[in-house]
Engineer: 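If you scroll down you'll find the structure; I have some questions about it.
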Protein chains: 2
Amino acid sequence: MKRHPPSQDESAALLRASRLRATPARIAILRLLRAARRPLSIDEIHRGLRRAGDWATVFRSLRHFESARIVARCEFGDGQSRFELVSGGCGAGHHHHHLVCRSCGKVLHVGDCGLGDIERDLQKRHGFAAVTHSLEFFGLCPKCRAKG
Amino acid sequence: MKRHPPSQDESAALLRASRLRATPARIAILRLLRAARRPLSIDEIHRGLRRAGDWATVFRSLRHFESARIVARCEFGDGQSRFELVSGGCGAGHHHHHLVCRSCGKVLHVGDCGLGDIERDLQKRHGFAAVTHSLEFFGLCPKCRAKG
DNA sequence: TTATATGCAAAGTATTTGCATGACA
DNA sequence: TGTCATGCAAATACTTTGCATATAA
């Protein structure tokens with residue numbers, strides 16, 4: 001069996017492209033995020049690591065990834081931050097948001113939010129710079145609705 | 001000086017209208033929220049109470065208020081929940097969001113987000129019920145921008 | 001070889017819970 | 001007077017930090 005040389009590993013390549021050191025822990029975290037169909041909580045990521053690196057490493061890695069803009073953080077209102085790959089992951093690669101079931105946590109991707117106009121308006125009218133937004137939708141999915 | 005009888009206190013009245021007990025701690029919390037020009041963090045609310053009730057009371061009260069839909073929770077991305085009156089407070093009484101300065105925390109109110117159409121579309125297309133959203137804008141205010 | 005990441009432990013902050021007492025309705 | 005809120009303390013999450021060691025570049 002051929003062992004993937006570092007240069008062929010997408011996660012490692014992503015790290016190098018962002019001038020971040022490609023360590024086993026970081027590569028493992030990015031692989032988890034790449035395989036996930038939805039944003040993962042720190043807890044899910046930590047459990048997903050084989051030789052579970054410690055919590056501090058997970059937190060620190062994610063903070064770095066966030067600064068480097070290779071992962072994005074989102075809040076589903078349950079007090080935990082969740083993270084997803086900015087590009088390369090499922091549903092990623094373009095600006096999007098999520099529709100989260102309040103009961104079972106099922107996550108759907110939501111495309112164009114059309115808030116760019118509002119952002120530009122806010123910059124113009126109030127002089128704010130670098131305006132961004134965080135947006136999530138919540139609701140009851142069909143299954144949970146049926147269950148009552 | 002006439003002492004406001006309970007029935008004339010807006011905060012107490014609001015509690016009674018929601019079938020919640022009108023206790024001094026709760027009334028004090030609602031008064032703080034009513035006087036605030038922006039969502040308050042738990043810490044700010046706790047500090048604002050004269051005979052500072054304890055943290056648990058503040059948390060529990062706010063949780064009840066949230067369930068009763070008389071206050072709304074929002075997240076400014078700093079790991080703390082903030083709360084504002086749903087109606088009666090400044091900028092409240094109508095659906096709105098916030099533009100928060102990433103540097104100094106200054107908060108501006110943002111009106112119509114136009115997301116109602118998307119919500120209806122999500123309900124129709126994916127069968128979700130009771131769809132709502134959480135939305136906040138972030139940026140650098142003019143002053144902070146000037147400071148570098 | 002040198003800067004930087006990791007692991008561990010400990011500290012910090014945010015939030016919840018149990019229980020006895022006290023207060024609203 | 002019965003139900004429910006409060007205060008206190010302790011417990012539970014979640015997240016950060018310090019430091020010695022290990023490792024990527």
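Every chain is numbered from 1 and lettered A, B, ... according to where its sequence line falls, protein lines coming before strand lines. Values in this document were obtained by computation on a predicted structure and should not be read as measured data.
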Engineer: How would you list, by chain and number, every residue that makes a salt bridge (Lys or Arg N to Asp or Glu O under 4.0 Å) with R125(B), sequence neighbours excluded?
Structural biologist: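 Residues passing salt bridge (Lys or Arg N to Asp or Glu O under 4.0 Å) with R125(B): D121(B).
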
Engineer: Within residues 32-40 of chain B, find the residues that approach DNA chain D with a heavy atom at under 4.0 Å, and present them sorted by residue number.
Structural biologist: none

Engineer: Got a salt bridge between R38(B) and E44(B), using NZ or NE/NH1/NH2 to carboxylate O under 4.0 Å?
Structural biologist: yes

Engineer: Find which nucleotide of DNA chain D each of R26(B) and A56(B) is nearest to by heavy atoms, and output the residue with the more 5' nucleotide.
Structural biologist: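 It is R26(B), whose closest nucleotide lies nearer the 5' terminus.
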
Engineer: Go through the structure and list residues passing ring pair (Phe, Tyr, Trp, His ring centres under 6.0 Å) with H97(B), not counting sequence neighbours.
Structural biologist: H95(B), H133(B)

Engineer: S11(A) and R26(A): side-chain donor and acceptor closer than 3.5 Å?
Structural biologist: no

Engineer: Does the side chain of S81(A) get closer than 4.0 angstrom to OP1 or OP2 of dC14(D) through an N or O atom?
Structural biologist: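 Checking S81(A) against dC14(D): no side-chain N or O falls below 4.0 Å of OP1 or OP2.
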
Engineer: When rounded to the nearest 0.5 angstrom, what is the spacing between CD1 in I42(A) and CG in L62(A)?
Structural biologist: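 I42(A) CD1 to L62(A) CG: 5.0 Å, rounded to 0.5 Å.
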
Engineer: Can you list the residues that meet the ring pair (Phe, Tyr, Trp, His ring centres under 6.0 Å) rule with H126(B), with sequence neighbours excluded?
Structural biologist: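 For H126(B), no residue satisfies ring pair (Phe, Tyr, Trp, His ring centres under 6.0 Å) once neighbours in sequence are set aside.
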
Engineer: Output yes when at least one side-chain N/O atom of T57(B) is less than 4.0 Å from OP1 or OP2 of dA5(D), else no.
Structural biologist: no

Engineer: Nearest 0.5 Å please: distance from the NE2 atom of H64(A) over to the CG atom of L15(A).
Structural biologist: 11.5 Å

Engineer: Could you check which residues of residues 59-79 of chain B get a heavy atom under 4.0 Å from DNA chain D? Sort them by number, please.
Structural biologist: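 By residue number: R60(B), S61(B).
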
Engineer: Test of understanding: with salt bridge (Lys or Arg N to Asp or Glu O under 4.0 Å), list the residues that count as partners of D43(B), not counting sequence neighbours.
Structural biologist: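 If we apply the salt bridge (Lys or Arg N to Asp or Glu O under 4.0 Å) test to D43(B), skipping adjacent residues, the hits are R47(B).
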
Engineer: Show me the donor-acceptor pairs within less than 3.5 Å that the side chains of residues 137-148 of chain B make with the rest of the protein, sequence neighbours left out.
Structural biologist:
{"unit_1": "R145(B)", "atom_1": "NH1", "unit_2": "G127(A)", "atom_2": "O", "d": "3.1"}

Engineer: Nearest whole angstrom, please: distance from the P of dA20(D) to the CG of D54(A).
Structural biologist: 17 Å

Engineer: Would you say a side-chain N or O of Q80(A) is under 4.0 Å from OP1 or OP2 of dA13(D)?
Structural biologist: no

Engineer: Only counting residues at least two apart or in another chain, list the ones meeting salt bridge (Lys or Arg N to Asp or Glu O under 4.0 Å) with R34(B).
Structural biologist: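 E10(B).
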
Engineer: Give every pair of a protein N or O atom and an N or O atom of nucleotides 21-25 of chain C that lie under 3.5 Å apart, one pair per line with the distance.
Structural biologist:
{"unit_1": "dC24(C)", "atom_1": "O2", "unit_2": "R21(B)", "atom_2": "NH1", "d": "3.3"}
{"unit_1": "dA25(C)", "atom_1": "OP1", "unit_2": "A22(B)", "atom_2": "N", "d": "3.1"}

Engineer: Whole Å only: how far is the CD1 atom of I42(A) from the C1' atom of dT12(D)?
Structural biologist: 17 Å

Engineer: How sharply is the helix from dT1(C)-dA25(D) to dA25(C)-dT1(D) bent, taking the axes over five pairs at either end and rounding to 10 degrees?
Structural biologist: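 Between the first-five-pair axis and the last-five-pair axis there is 50°.
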
Engineer: Salt bridge (Lys or Arg N to Asp or Glu O under 4.0 Å) with R37(B): which residues, sequence neighbours excluded?
Structural biologist: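 If we apply the salt bridge (Lys or Arg N to Asp or Glu O under 4.0 Å) test to R37(B), skipping adjacent residues, there are no hits.
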
Engineer: Can you list everything that forms a side chain to side chain donor-acceptor pair (under 3.5 Å) with S81(B)? Sequence neighbours excluded, please.
Structural biologist: R73(B), E75(B)

Engineer: Mind checking whether H98(A) and H109(A) have parallel, tilted or perpendicular rings, split at 30° and 60°?
Structural biologist: perpendicular

